[in-house]
Protein chains: 2
Amino acid sequence: MARRNDHSRDEIREMALAAAEKLVSAQGAKGLSARKVAAAIGYTVGTLYLVFDNLDDLILQINARTLDRLHDRMLEELARHKDPMERLLQLGHTYISFADEETHHWELVFEHRLPEGQQPPEWFREKVARMFSLVETSLEPLATTRSPDEIKQAAAALWSGVHGICILAISKQLDVAGVDSVQDLTHSLMSNYLRGFVGSNR
Amino acid sequence: MARRNDHSRDEIREMALAAAEKLVSAQGAKGLSARKVAAAIGYTVGTLYLVFDNLDDLILQINARTLDRLHDRMLEELARHKDPMERLLQLGHTYISFADEETHHWELVFEHRLPEGQQPPEWFREKVARMFSLVETSLEPLATTRSPDEIKQAAAALWSGVHGICILAISKQLDVAGVDSVQDLTHSLMSNYLRGFVGSNR
DNA sequence: ATGGTAATATGAACGATGTTCATTTAGTTT
DNA sequence: AAACTAAATGAACATCGTTCATATTACCAT
């Protein structure tokens with residue numbers, strides 16, 4: 001069978017991504033394979049390679065969509081609060097909740113490694129940077145005396161910290177039980193850090 | 001060829017681990033395979049499975065050794081400093097340096113995932129917990145008014161934070177250049193957090 | 001209608017992976 | 001020397017990512 005013309009390239013692409021996301025969501029990165037995705041959308045492996053460069057490319061596309069969802073959630077959260085401190089804390093909680101609800105997708109974003117020496121494409125790194133920006137702009141009103149560079153660094157430190165809690169929680173290496181404890185940890189990290197950062201000039 | 005009796009089980013085990021570590025060190029997790037390890041020590045795949053349950057087991061053993069090296073480095077660092085604050089900051093720097101010097105090994109410890117549902121064995125989780133304990137005991141003298149639980153939580157938050165910086169730095173998702181900038185970030189995170197944690201009662 | 005062209009999809013093939021286990025081999029014991 | 005047993009093998013199986021010569025069919029010009 002060939003030249004069925006059942007679907008356009010873009011349709012196949014979309015179907016493949018949806019099927020792949022279903023696999024990842026259910027079984028994590030290890031549950032994903034080219035043949036499984038192909039079978040799930042009623043095509044063969046070869047077809048997948050007409051639409052994606054390779055599996056890494058496919059995964060990158062999935063991750064892009066995940067980062068977009070996360071970004072949306074964070075934007076919504078920012079819209080809900082006016083107080084700067086409240087905003088930051090809620091941002092952290094949103095991050096944790098997202099990782100908890102979409103664990104496998106979140107893991108795929110941050111644990112998938114490209115072949116040695118290869119860097120993620122610029123558009124991808126941009127999506128990560130965008131997240132840090134959200135933190136930066138939320139941080140600004142809290143530290144009006146600080147230079148832009150200091151704020152940038154503080155945002156990076158703070159968000160890396162939240163990220164680290166997330167990672168260790170997911171890999172069960174923090175012996176805390178349940179999401180709530182993780183939220184507490186996050187709160188501790190953020191509020192103490194912010195008190196230190198805001199409260200003093202050095 | 002069979003029954004060579006060239007080496008004892010333990011010798012083969014040691015040889016295999018050494019060879020595997022060489023592979024990981026040079027090419028990361030993706031460079032590791034049962035056949036490659038076997039070839040490197042002059043045995044066949046089958047033999048490897050007489051000594052290890054499976055590849056996950058082998059990797060767990062490598063990771064145990066890595067965690068031991070890291071723990072040693074941290075102990076040394078603690079012995080070098082008396083001032084509590086100095087101790088904590090140096091501990092953070094040691095962690096970053098280790099990850100920078102043994103990147104592939106460090107990655108293998110924290111990014112290797114066991115099959116769905118399977119937890120790391122207790123002895124492994126103990127090695128991770130041991131690291132957190134080091135932070136806890138260093139933190140105690142700085143926060144004499146705090147309860148053990150609060151200190152435990154603070155140590156977890158602090159160390160997760162350092163860990164997060166490490167992760168993002170290694171995956172090149174922090175747009176900072178060089179190890180020194182990462183050290184600066186770590187310093188920022190730790191010193192601000194500690195000022196917040198120590199300086200106030202709530 | 002018919003033939004030709006080009007787009008579309010296939011699936012066999014390749015080299016790699018983890019894992020198993022019947023079989024072979026070489027020490028050890030009787 | 002024969003029997004026994006521990007040690008090591010390597011072929012076999014199912015899976016993986018990736019490629020590409022081939023087959024099929026839609027479309028278009030005649």
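Every heavy atom of this structure was used, including side-chain atoms; hydrogens, water molecules and symmetry mates were not. As the structure is a computational prediction, the values presented were derived from the model and not from experiment. Order of the sequence lines fixes the chain letters, A, B, ..., with proteins taken first and strands second; residue numbering starts at 1 for each chain.
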**OP:** Would you kindly give the CD-to-C1' distance between A:E11 and C:dA9, to the nearest whole Å?
**Re:** 16 Å

**OP:** Ignoring backbone atoms, test whether A:Y49 places a side-chain nitrogen or oxygen under 4.0 Å from the OP1 or OP2 oxygen of D:dT19.
**Re:** no

Subject >> Under-4.0 Å salt bridge between A:E14 and A:R65 >> reply: yes

Original post:
Is any side-chain N of the basic residue among B:E101 and B:R73 closer than 4.0 Å to the acidic one's carboxylate O?
Top reply: yes

Original post:
Rounded to whole angstroms, how far apart are NE2 on B:H7 and P on C:dG27?
Top reply: 14 Å

Original post:
Going by heavy atoms in the side chains, are A:H93 and A:H187 under 4.5 Å from each other?
Top reply: yes

**OP:** Could you check which of D:dA7, C:dT8, D:dG17 has an atom nearest any side-chain atom of A:R9?
**Re:** C:dT8

Subject >> Nearest atoms (heavy-atom pairs only) where B:Q173 meets A:F132 >> reply: O-CE1, 4.2 Å

Is there any protein nitrogen or oxygen under 3.5 Å from a nitrogen or oxygen in nucleotides 12-16 of chain C, and what are the pairs?
from   : atom 1 : to    : atom 2 : distance (Å)
C:dA13 : N6     : A:R35 : NH2    : 3.3

**OP:** Can you tell me the distance, in whole Å, between the NZ atom of A:K30 and the C1' atom of C:dT17?
**Re:** 13 Å

Original post:
When you check the side-chain N and O atoms of A:Q153 and A:D149, is any donor under 3.5 Å from an acceptor?
Top reply: no

**OP:** Respond yes when some side-chain nitrogen or oxygen of B:R4 is under 4.0 Å from OP1 or OP2 of D:dT9, and no when none is.
**Re:** yes

Subject >> Shortest non-hydrogen contact between A:A64 and A:F124, atoms and distance >> reply: N-CE1, 4.4 Å

Subject >> Between D:dG17 (C1') and A:D56 (CG): distance, integer Å >> reply: 10 Å

Subject >> A:N63, A:L70, A:I62 screened by side chain to side chain contact (heavy atoms under 4.5 Å, CB included) with A:H105, the one that passes >> reply: A:I62

**OP:** May I have the distance from B:L58 (atom CG) to C:dG18 (atom C1'), rounded to whole angstrom?
**Re:** 12 Å

Original post:
Where the side chain of A:N54 is defined as all heavy atoms beyond and including C-beta, which of D:dA26, D:dT18, D:dT9 is the nearest nucleotide?
Top reply: D:dT18

Original post:
Parallel, tilted or perpendicular: which describes the rings of B:F197 and B:Y193, with under 30° parallel and over 60° perpendicular?
Top reply: parallel

Original post:
Once you round it to whole Å, what is the distance between P of C:dT20 and CG of B:L50?
Top reply: 11 Å

Subject >> Nucleotide D:dC16, atom P - distance to CG of B:L55 in whole Å >> reply: 17 Å

Original post:
What pairs with B:R113 under salt bridge (Lys or Arg N to Asp or Glu O under 4.0 Å), at least two apart in sequence or on another chain?
Top reply: A:E107, A:E111

Original post:
For the helix from C:dA1-D:dT30 to C:dT30-D:dA1, what is the angle between the axes at its two ends, each from 5 pairs, rounded to 10°?
Top reply: 30°

Subject >> Phosphate OP1/OP2 of C:dT8 contacted by A:T47 side-chain N/O (<4.0 Å) >> reply: no

**OP:** Could you tell me the separation between the CG atom of B:D57 and the C1' atom of C:dT19, rounded to a whole number of Å?
**Re:** 14 Å

**OP:** Would you tell me if any nitrogen or oxygen in the side chain of B:T44 comes within less than 4.0 Å of OP1 or OP2 on D:dA8?
**Re:** no

